[in-house]
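What follows is a single structure, written as structure tokens, with notes after it.
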2 protein chains.
Amino acid sequence: MKIQEVARRAGVSIATVSRTINNSSVVDPKTAKRVWKVVEELGYYPNSQARSLVSGKSRILGLIVSDITNPFFPELIKGFEDVAIHNGYEILVSSTDYDSARMAVCVRRMLERKVEGVAIMTSEMDKHLVDQLAHRNVPMVFLDVRPAGEGISHVEVDYAMGVNEAVEHLLSLGHRRIAFISGPLGLKSARIRRTAFLRALNRYGIDEDKRLVGEGDHTVDGGLNAMTRMLALGGLPTAVLASNDLTAIGTMRAVRRAGLSVPQDISVVGFDDIRLAEFTEPPLTTVRLPRNELAELAFGALIRNVDGQAKTRSGGKLETHLVIRESTCPARAPAVSER
Amino acid sequence: MKIQEVARRAGVSIATVSRTINNSSVVDPKTAKRVWKVVEELGYYPNSQARSLVSGKSRILGLIVSDITNPFFPELIKGFEDVAIHNGYEILVSSTDYDSARMAVCVRRMLERKVEGVAIMTSEMDKHLVDQLAHRNVPMVFLDVRPAGEGISHVEVDYAMGVNEAVEHLLSLGHRRIAFISGPLGLKSARIRRTAFLRALNRYGIDEDKRLVGEGDHTVDGGLNAMTRMLALGGLPTAVLASNDLTAIGTMRAVRRAGLSVPQDISVVGFDDIRLAEFTEPPLTTVRLPRNELAELAFGALIRNVDGQAKTRSGGKLETHLVIRESTCPARAPAVSER
DNA sequence: GGCACGGATGAAAACGTTTGCAGATGATGG
DNA sequence: CCATCATCTGCAAACGTTTTCATCCGTGCC
């Protein structure tokens, strides 16, 4: 089913059919109507490969995430997809599994498919790979870490803000021994959150206790293990801030396995506010990342660069907000006396 | 960066470069080496659009799911993606949001991108849409419901088996008042599970109680609402089988909101065994769907049709298995006396 | 030494579009 | 009535590959 067939049946040239379909230039209403009719009848639709080949535009946007299995990402993907589709773009999603080699494969795929821009929400991006994209003039937007270079935008999330809110919340509940379970420290974004946490503690005059800073890997199991180790170390915290919700869920599980209860013995705060956070037991107090705004801003930044309007970084800092549910409560009475 | 450039620098024709890259026909090792060297140097990679245009093969497989936000799907997608990538295919994922109009859009996209086959795990497929694909000779594999027609395969999941196991498990624990919360009954797959449930009950000589069959929508909220309504109706069940894990989570929440506890007052069984099921509180007893096998079988069935080896339906029935965790326990003593 | 053969290569056609350019047609103004 | 112009349409060239067919060259055989 090619354009030629349509042209033949409508008694016009293929050029006219093309123009009608893309209404790229004025075509006589009568002719157009006839063409459309044939198009309908035949169920014709253009071959997108031929189309992109000649026009040089693929109308595809890439989205690279670390782990599609982490519920935060599907929710983000959905948002991104919605706005992309709405603007006539398709998206190509790849997940890297936090693996650098696999990341290279992702980039290669993006390149091969000639994506017009790519949104990146993962931090295992080697400079090398970024360069590969930059070199091909593929606009990028980073959703997580601050990038360097031109043609690269980023939408920054104010992690520090979220971390501060969480810490303040815990402090106001009387907690003084507050632990943190980070993401894999190989990732920049994980280090950022960790640093923000330590800084917050410091600001409020709380001494750092090495035993109270664990390392997870953004999965439930990682949180479970990290927390289990921490509990074994002694010097128990009265509250834990986890670097994402999955980790928080693992943390709660570890606490419970140790025969303690959340939040009475140990309060737990998550990060992301995945949809499921509302339905854990107890419902998770967590720092909400504005997923939809994130998706929209990212898309916006990308499109602006795709259209060549701006070559600069853009996108403001997105605010995060603490959502208080039931996994936090006042510290046991003389919690301060400890240490 | 076109093939011509490579050809020029290597001092050969573009035909030779093409042959070298695809090693589609014998090329002199010396020449090949020279070509590869240039390819490396230039970082050349073929334009996939031009390639597909002429070869007629897109090397893309479509995957249509209902809701990427339901954790079951990302896990499935990942499996499918892994095996596809491993075989040199890429995948294009679309989610339908259980919406028929959106489904049409998905199909259209698949068609436009010239996917070589599509795996469908959603049941809001109008016959109309299936025909559109069939008419274009796009091989399909259904992962959920039994399809009709040729060029269409399906991988059947033995829902009845899972439902039976679950019911037997509950019966063996002494439960007699067992409730069921289905998915949206507009979906065939939801009806199948529901029918299986009623049949199982019947087989074991338990009378059906209309009050004990609710309708959810495969989301946590849906489960929560359905269970809340059911609890309000009176004639409480001692156990509930939910049609998927999300629904089960909602159900547990509803039970707890009503001041009852899981599993002491009401046992809950889920369906799917999403990764998170292990980490709910209490850990969810659920019927495990073999995700990886499902992905592999689906891919296999698809590939077989893509290569034109078989035009028939294939793929056996996949077994499901009950995973017993802690959301189920023996029914309160004289549970039988009730009713 | 001629011939057939086979392996390696190149020329060119095809894939299905978009788009620049030019031609046709009809209308308008002088 | 001719010139100008606007509007609409068609021709043909690209886009970057794969692939068929033909060519070329060297080799081994008679």
Side-chain angles (χ1 to χ4, degrees), chain A residues 1-39 42-60 88 90 108-109 111-116 136-137, chain B residues 1-39 42-60 88 90 108-109 111-116 136-137:
Chain A
M1 187 51 43
K2 343 196 286 182
I3 200 174
Q4 240 186 58
E5 180 66 14
V6 179
R8 201 176 58 73
R9 296 216 197 186
V12 295
S13 74
I14 60 171
T16 302
V17 176
S18 172
R19 281 189 275 253
T20 307
I21 292 178
N22 306 307
N23 59 350
S24 53
S25 118
V26 208
V27 14
D28 187 76
K30 289 202 182 228
T31 317
K33 197 174 161 195
R34 211 169 58 235
V35 170
W36 277 121
K37 184 148 165 277
V38 177
V39 167
L42 264 55
Y44 167 82
Y45 55 94
N47 177 320
S48 63
Q49 292 151 352
R51 191 200 280 245
S52 333
L53 180 58
V54 49
S55 70
K57 301 274 156 202
S58 66
R59 303 243 85 183
I60 300 186
E90 280 189 42
R108 176 57 170 267
R109 270 168 62 186
L111 252 20
E112 284 186 1
R113 290 286 166 199
K114 296 264 181 298
V115 296
E116 293 184 37
R136 257 86 177 189
N137 287 318
Chain B
M1 189 49 43
K2 344 195 286 184
I3 201 173
Q4 241 185 56
E5 179 66 12
V6 178
R8 202 176 57 73
R9 297 215 196 188
V12 296
S13 75
I14 60 171
T16 302
V17 177
S18 173
R19 280 190 276 251
T20 307
I21 293 180
N22 306 308
N23 59 350
S24 53
S25 120
V26 206
V27 14
D28 186 75
K30 289 202 183 231
T31 317
K33 200 176 161 195
R34 211 166 61 236
V35 170
W36 277 120
K37 185 150 166 274
V38 177
V39 166
L42 264 55
Y44 167 82
Y45 55 93
N47 178 319
S48 64
Q49 291 151 355
R51 192 198 280 246
S52 334
L53 180 57
V54 51
S55 70
K57 300 276 158 199
S58 66
R59 303 243 85 183
I60 301 185
E90 280 188 43
R108 177 57 170 267
R109 271 167 61 186
L111 251 21
E112 285 187 0
R113 290 286 166 197
K114 297 265 181 297
V115 296
E116 294 184 36
R136 256 87 177 188
N137 288 318

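Order of the sequence lines fixes the chain letters, A, B, ..., with proteins taken first and strands second; residue numbering starts at 1 for each chain. Computed from a predicted model, the values in this text were never measured in an experiment.
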When you list every nucleotide of DNA chain D with an atom under 4.0 Å from a heavy atom of chain A, which one comes first 5' to 3', and which comes last?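 With heavy atoms of chain A under 4.0 Å away, the range is dC8(D) to dG16(D).
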
Measure the spacing between [atom1] of [X] and [atom2] of [Y] and express it to the nearest 0.5 Å.
| X | Y | atom1 | atom2 | value |
| --- | --- | --- | --- | --- |
| Glu112(B) | Arg108(B) | CD | CZ | 5.0 Å |
| Arg9(B) | Glu5(B) | CZ | CD | 4.5 Å |
| Arg113(A) | Ile60(B) | CZ | CD1 | 3.5 Å |

Taking [atom1] from [X] and [atom2] from [N], how many angstroms apart are they, rounded to a whole number?
| X | N | atom1 | atom2 | value |
| --- | --- | --- | --- | --- |
| Met1(A) | dT17(C) | CE | C1' | 15 Å |
| Gln4(A) | dA14(C) | CD | P | 12 Å |
| Asp28(A) | dA24(C) | CG | C1' | 14 Å |
| Ile3(B) | dG10(C) | CD1 | P | 12 Å |
| Lys2(A) | dT17(C) | NZ | P | 8 Å |

If you look at every strand shown and take non-hydrogen atoms under 4.0 Å, does [X] touch a base, only sugar-phosphate, or nothing?
| X | answer |
| --- | --- |
| Ser18(A) | base |
| Ser48(A) | nothing |
| Ser52(B) | nothing |

For [Y], is there any backbone N or O sitting under 3.5 Å from a side-chain donor or acceptor partner on [X]?
| X | Y | answer |
| --- | --- | --- |
| Thr20(A) | Thr16(A) | yes |
| Glu116(B) | Arg59(B) | yes |
| Ser58(B) | Lys114(B) | yes |

Starting at the 5' end of DNA chain D and moving along, which residue's nearest nucleotide shows up first, Asn47(B) or Arg19(B)?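 Comparing both residues, the 5'-ward one is Asn47(B).
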
Margin query: Which is more 5' along DNA chain D, the nucleotide nearest Gly11(A) or the one nearest Val17(B)? Just name the residue.
Written below: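 Upstream on the strand: Gly11(A).
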
Would you say that Arg19(B) contacts Val12(B) through its side chain, given a criterion of any heavy-atom pair below 4.5 Å between the two side chains?
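Not in contact.
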
Along DNA chain C (nearest heavy atom to each residue), the more 5'-positioned of Val12(B) and Ser55(B):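 Closest to the 5' end, via its nearest nucleotide, is Val12(B).
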
**Asked** Quick one: which of dA12(C), dT17(C), dA8(C) gets closest to the side chain of Pro46(A)?
**Response**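 Output: dT17(C).
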
